[in-house]
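Predicted model only: the values in this text are computed from it and were never measured. All ligand and atom numbering here is 1-based and tracks the order in the structure.
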Amino acid sequence: MFHYTAGQVARIVEGELFGDSEVEIGSVSIDSRTPGQGTDVMFVAIPGSNHDGHTYVEELYTFQKVRVFLVSRISGISDKCPDATFIRVPDTLEALQQLASWHRRRFGFPVIGITGSNGKTIVKEWLNQLLSPEYRIVRSPKSYNSQVGVPLSVLQMSDEFQLGIFEAGISQPGEMLNLQAVILPTIGILTNIGLPHQENFDDLDEKITEKLKLFKSAEVLIYCKDHRFVDRIIADDVTLHSIRLITWGSDSASTVRIVDKHEIDGRLLVEVAYGEEQLRVEIPFTDQASFENAMHCLTLLLYFNIDRDDIAARISRLTPIAMRLEQKEGINGCVLINDSYNSDLGSLAIALDFLAQQKPFETRMLILSDIHQSGFSPELLYSKVAQLIEEKGINYLIGIGPQLTRFSHFFDLPKEFYADTEAFIRAFKRDRFGNAAILVKGSRDFQFERISALLEYKTHRTILEVNLNALIHNLNLYRSKLNRDVKVMAMVKAFSYGSGSFEIANVLQFHRVDYLGVAYTDEGVALREAGISLPIVVLNPSFGTYELMVEYRLEPEIFNFSGLSAFVDVLDRLGESAYPIHLKLDTGMHRLGFSSDQLNVLAGKLQVSRAVRVASIFSHLAASDEPRNDSFTREQLVRFREMSGSLVERIGYKPLLHILNTAGIERFPEAQLDMVRMGIGLYGISPSGLDGLQVVSSLKSTVIQLKELNSGETVGYSRRGVVKRPSRIAVIPVGYADGLNRRLGNGVGRFKLNGKLVPTIGNINMDTCMLDVTDVAVREGDEVVLFGENPSIEVLARAMDTIPYEVFTSISRRVRRIYYRE
Ligand SMILES: *Cc1c(COP(=O)(O)O)cnc(C)c1O
């Protein structure tokens, strides 16, 4: 177990200790937001690019009773936390790595270090599947492979384990040596070297050399000899000369040489020669990436000298690794979080944290299967599970499997148990599940997808998939362009640009944006009812909704005198004072807002009113994305400074000033002022071609029918789709009522099906459309991507002569949204 005193940690990281050196530390956390950290946690304040861990020390001290902090400054913090112990170091990230590196050196069991561009997590998870009969394994949770994730992973090491498997990922030159010192792998695996994260490396050569630094004191390195380029660099690398190289490949010099490889019935039969031996394995996948990942694993198993029959049997049973945690709408108002592919303590903890973020639900239910291959005795395992469930605030447990049933007395909460999935399904009653957040988490062989299917709210077969990691990535990308202390208002109006309402707001709140912006009062009310507590600005409040706004603590945009006086009347009647409002100035858009000749009167009214307080003053740019209008935009910026300046002077205090939208953030960094308002960029669209944004939403559907037509026949209404050759036509259940614009019919729109773009044929109908799929292999049930990576929403918008904003917001509410994270 991880167990140190504060005094020991201070010595290990060479820090200064303030407080009690004897206080005991049982775990380490860097995330200020994860509830249930326990009282023996040490919080490490990492100054991230977006928020600085030091900001949360007081909150953690007061509300979570955290008592030990590793920090780089204490002034202004320690006096507010009288009973806390502080360890001060110059650089907290470095100290965390130092601590992990020290911890690592206490253990003598083998440690496998994995790096490469692709496949790290899969190889790690597969090795865990393959080796767990022989070893109790400690490994990185999910894909914790960063400068922070690696030390946190390694700190899990303890005497209970016999083998460590950790992955290391880098994005910058120079980072790998830090990770090497923490992992100190005795065995290295270099997985596929592809192209991701290549922006910062001069060339592939430098990148590979950097990655190889992970292995500098390893005893063994496993890699694929067929990548000639990599093989040459390894041969030339003097730091690797004393390492035993174990390779696989078709190359005749490979240690594990591929003699034959062919595909039968969706499986790969591979025959290899290893020394004198010949061995046949069956890989239950046929794609190249899975093949390479499985070969890395096979080579390691041979090196570990696992029984040959066991090797073949286990490889043939490898299962896909789903790294997605899906969030879906459930029956009877439930939210369903689906992680039904694997189950272990690390991923259970992560999924439970995700569940804990679903604020609005009183009932947090966990449907859990037996956990296989944990490396712990069942008693220890399920007592750990029980502890985790209590810490993370679960208040209803459904346990499925003989082991859980056997240890049901460990769980001190409302609970029920079933011997297997079948028994649960037989007893299932729909109306027992209502208004709950439900996590479905099971080992693959329990087939929990059957349970999810019962709990899912079903609509038709078209879905909008929303990638929450991509949303966060985009938020952070724009944040990295902001000066220190510039606040962020995230625009979630119009159903978050079509991508969802509280789910998106919840993630943004979790990632600490400062304000949310909605268009109408009812959008704000819906967010409050879903448990969103951030300040919310309503851009288009109508008079009749002012009471409601106050009741729900929503803050109006005020853009004219009648709005101001009506709102003040309501506040007076309700006995409110200093209620936050946001003043909109018209600097050239000529839509809503006070003009410059109204400012005198406005200032006069504000000076005498105690009912309102101006929280911010803002304006909106008319053409921030268009270079040809840049001089106009600059005039708007100047006008805004003048107008807001004179108001501020008259009212005698300084509200937040803001004017930039997404395009403004990209193109006018000098005008960030106190806050920016981020809209379309969050959802993955850059108005000025900024690199590095990720696709957030993908609209997907499925082929529901195929038919063969002869030349001369026609497709659909008005017989517009004329078939000019013997053709195959696919029908998909998405039409203009779903938001698929009618202009995309008759070949204008092209959608992706089995890797190829295929054109529409005939008119788009209300609920369906037809595709000409003559040139692709296709079966009923195949997936069609209407927009996403390809075709991108920009391409589609252009085809229908509009802008991405309209495409996003046209996707109808009847299309189900599925949220996922990786
Ligand atoms: C919608 C909106 C934004 C966001 O604009 P994007 O171009 O999507 O970034 C900013 N400010 C106001 C007032 C808005 O209405």
Side-chain angles (χ1 to χ4, degrees), residues 471 474-479 481-482 486-501 504-505 508 513-521 523-524 527 535-542 554-560 563 581-594 615-627 629 633 636-637 640 643-644 655-669 671-690 693 696-697 793-794 797 802-810:
L471 179 82
N474 296 341
L475 171 67
N476 289 336
L477 185 71
Y478 283 105
R479 268 182 167 154
K481 308 200 174 297
L482 300 182
V486 174
K487 294 187 188 309
V488 173
M489 182 186 296
M491 305 311 285
V492 295
K493 60 192 182 192
F495 202 47
S496 297
Y497 288 50
S499 60
S501 112
I504 300 290
L508 293 168
V513 304
D514 300 279
Y515 278 88
L516 295 174
V518 298
Y520 295 106
T521 305
E523 295 177 341
L527 292 183
I536 298 175
V537 176
V538 181
L539 299 171
N540 275 313
S542 51
L554 306 173
E555 306 176 10
E557 165 184 320
I558 298 290
F559 51 83
N560 61 9
I581 61 169
H582 301 264
L583 292 180
K584 173 82 152 288
L585 306 183
D586 184 359
T587 54
M589 178 84 153
H590 300 323
R591 194 170 62 176
L592 302 176
F594 290 99
S616 85
I617 303 176
F618 72 107
S619 185
H620 198 35
L621 297 172
S624 55
D625 58 335
E626 294 178 330
N629 279 313
T633 301
Q636 274 197 284
L637 296 176
F640 181 63
M643 290 173 68
S644 60
L656 299 172
L657 303 182
H658 49 110
I659 190 164
L660 297 185
N661 59 353
T662 301
I665 298 168
E666 293 178 8
R667 304 192 58 248
F668 297 91
Q672 291 172 4
L673 306 175
D674 301 313
M675 181 152 77
V676 295
R677 300 187 305 272
M678 250 176 235
I680 195 96
L682 282 176
Y683 306 101
I685 303 296
S686 163
S688 73
L690 178 73
L693 287 180
V696 172
S697 332
I793 200 158
E794 284 104 328
T802 181
I803 52 178
Y805 295 77
E806 189 183 340
V807 182
F808 272 140
T809 54
S810 303

Asks: Within a distance under 4.0 Å of any heavy atom of Tyr805, pick out the atoms of ligand 1 and give their elements.
Replies: 6 (P), 7 (O), 8 (O)
Asks: Would you confirm whether the ring centroid of His582 sits within less than 6.0 angstrom of the ring centroid of Tyr515?
Replies: yes
Asks: Would you indicate which of His620, Met491, Lys493 comes nearest to atom 15 (O) of ligand 1 when only heavy atoms are counted?
Replies: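 Answer by nearest heavy atom: Lys493.
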Asks: Examine Ile680 against ligand 1 and note whether any of their N/O atoms are separated by less than 3.5 Å.
Replies: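 In this structure, Ile680 places an N or O atom under 3.5 Å from an N or O of ligand 1.
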Asks: Could you give the distance from CG (Leu471) to OH (Tyr683), rounded to the nearest 0.5 Å?
Replies: 6.5 Å
Asks: Is it the case that atom OH in Tyr520 sees more than 12 heavy atoms from other parts of the structure closer than 6.0 Å?
Replies: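 Not more than 12 within 6.0 Å, no.
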Asks: For atom 9 (O) of ligand 1, which protein heavy atom lies nearest, and how many Å away is it?
Replies: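 That would be Thr662 OG1, 2.5 Å.
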Asks: Mind checking whether Lys584 has an N or O less than 3.5 Å away from an N or O of ligand 1?
Replies: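 No.
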Asks: Please list the nearest protein heavy atom to atom 11 (N) of ligand 1 with its residue and the distance rounded to 0.1 Å.
Replies: Arg677 NE, 2.7 Å
Asks: For Met678 versus Tyr478, what's the shortest heavy-atom pair and its separation?
Replies: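 Minimum heavy-atom separation between Met678 and Tyr478: CE-CB, 3.4 Å.
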Asks: Check ligand 1 against Tyr497 and write out every atom of the ligand that is under 4.0 Å from a heavy-atom position of the residue.
Replies: 1 (C), 4 (C), 5 (O), 6 (P), 8 (O)
Asks: Ignoring hydrogens, just give me the one of Asp625, Val492, Leu539, Asn661 whose non-hydrogen atom is nearest atom 5 (O) of ligand 1.
Replies: Asn661
Asks: Looking at every heavy atom in both Pro687 and Asp625, which two are closest together, and how far apart are they?
Replies: CB-CB, 3.9 Å
Asks: Can you tell me how far the CZ atom of Phe640 sits from the CG atom of Leu660, to the nearest 0.5 Å?
Replies: 9.5 Å
